[in-house]
Amino acid sequence: MQSSNGHPRGSGGGAESSVDSHDGHDPAATEAAGSVRYDDPWYDALASGWGESADGGVSVPAPSSARREDEAPAVAAADVYLEVQRSEAFQEVRSRYRGFVVPTVAGFLLWYLAYVVTATTAPGFMARPVTGAVNVAMLAGLGQFLTTFLLTWAYTRHARLRRDRPALELRWDTQELTRGAGGGAS
């Protein structure tokens, strides 16, 4: 059987694993070289015992100094993000978000639970006709949909009027600080 990239799939009984057969590299060349590729995104140099070769128990050599130099800007960029997170502008955006979302979610959940509890405990009330074939349960159910749309509209309006501009300014400042720290543009 072949995979979608045309390479044969491992049957599980051979020497190669299914990972080796799908990664696009020749497993025999890797074993012959006796080294682990560092281009693997799942490789973790800090995991002790990982990356040792199966034949001699020789551990993988430490990463080169070039890799350690690349980590220095990342540390500086992380400091920038922590600094922004501690800033008063970020805290203001977060408090505006929480100030809207927490009461809104609590109110909607109470409204939904009231609908469910009333439907199960008072079926006679929910079956009471309002007009023609429309009863209280039908109006309350349609009210759930209407409430969802109204809350979506209110959330987007609140975000546009109270949070989008400060959040955009924070994002811009963060990118500028990250570039200045040598973290690159993202």
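Only a predicted model underlies this, so the values are computations on that prediction, with no experimental measurement involved.
- Heavy-atom minimum distance, T174 versus L170: OG1-O, 2.7 Å.
- Remark: the backbone N or O of W153 is paired with a side-chain donor or acceptor of T156 at under 3.5 angstrom.
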**Prompt:** Where do T147 and Q144 land on the side chain to side chain contact (heavy atoms under 4.5 Å, CB included) test, with the steps shown first?
**Reply:** CA-CA 5 Å; T147 304; Q144 293 286 318; 5.7 Å; no
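- If you chain together hydrophobic residues whose side chains sit under 4.5 Å apart, L151 and Y97 never meet in one group.
- A distance of 15.0 Å separates CZ in R157 from OG1 in T152, rounded to the nearest 0.5 Å.
- Residues V136 and Y112 are members of one and the same hydrophobic cluster, defined by side-chain heavy-atom contacts under 4.5 angstrom among Ile, Leu, Val, Met, Phe, Trp and Tyr.
- Because its NZ or CZ atom is not both nearer than 6.0 Å to the ring centre of Y155 and within 45° of the ring axis, R162 does not count as a cation-pi partner of that residue.
- A distance of 10.5 Å separates CZ in R96 from CG in L161, rounded to the nearest 0.5 Å.
- Using a 4.5 Å cut-off between side-chain heavy atoms of Ile, Leu, Val, Met, Phe, Trp and Tyr, with links allowed through other members, M138 and F125 fall into the same hydrophobic cluster.
- One distance of note links CZ of R171 with CD of E176; it measures 13.5 Å at 0.5 Å rounding.
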**Request:** Go through the steps to decide whether N135 and M126 satisfy the test side chain to side chain contact (heavy atoms under 4.5 Å, CB included), and finish with yes or no.
**Result:** CA-CA 7 Å; N135 59 18; M126 295 297 268; over 6 Å; no
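- Both V101 and L109 sit in one connected hydrophobic cluster of ILVMFWY residues. Membership requires side-chain heavy atoms under 4.5 Å apart, directly or through other members.
- Ion pairing between R86 and E83 fails under the 4.0 Å rule for side-chain N and carboxylate O.
- Of the residues Q91, E92, R98, the one that meets the side-chain contact (heavy atoms from CB on, under 4.5 Å) test with S95 is E92.
- A pairwise comparison of heavy atoms in G141 and Y115 identifies N-CE1, 3.6 Å as the closest pair.
- E169 CD to D164 CG: the interatomic distance, rounded to the nearest 0.5 Å, is 11.0 Å.
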**Message:** Determine whether D173 and S87 satisfy the following criterion, side chain to side chain contact (heavy atoms under 4.5 Å, CB included), listing intermediate values before the conclusion.
**Reply:** CA-CA 11 Å; D173 293 343; S87 71; over 6 Å; no
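- To the nearest 0.5 Å, the span separating CG on L177 from CH2 on W172 amounts to 12.0 Å.
- A distance of 11.0 Å separates CG of L146 from CG of L139, quoted to the nearest 0.5 Å.
- For CZ of F108, the number of neighbouring non-hydrogen atoms (other residues, nucleotides, ligands) closer than 6.0 Å is greater than 12.
- The hydrophobic cluster containing V93 does not contain F100, counting ILVMFWY residues as joined when their side-chain heavy atoms lie under 4.5 angstrom apart, directly or transitively.
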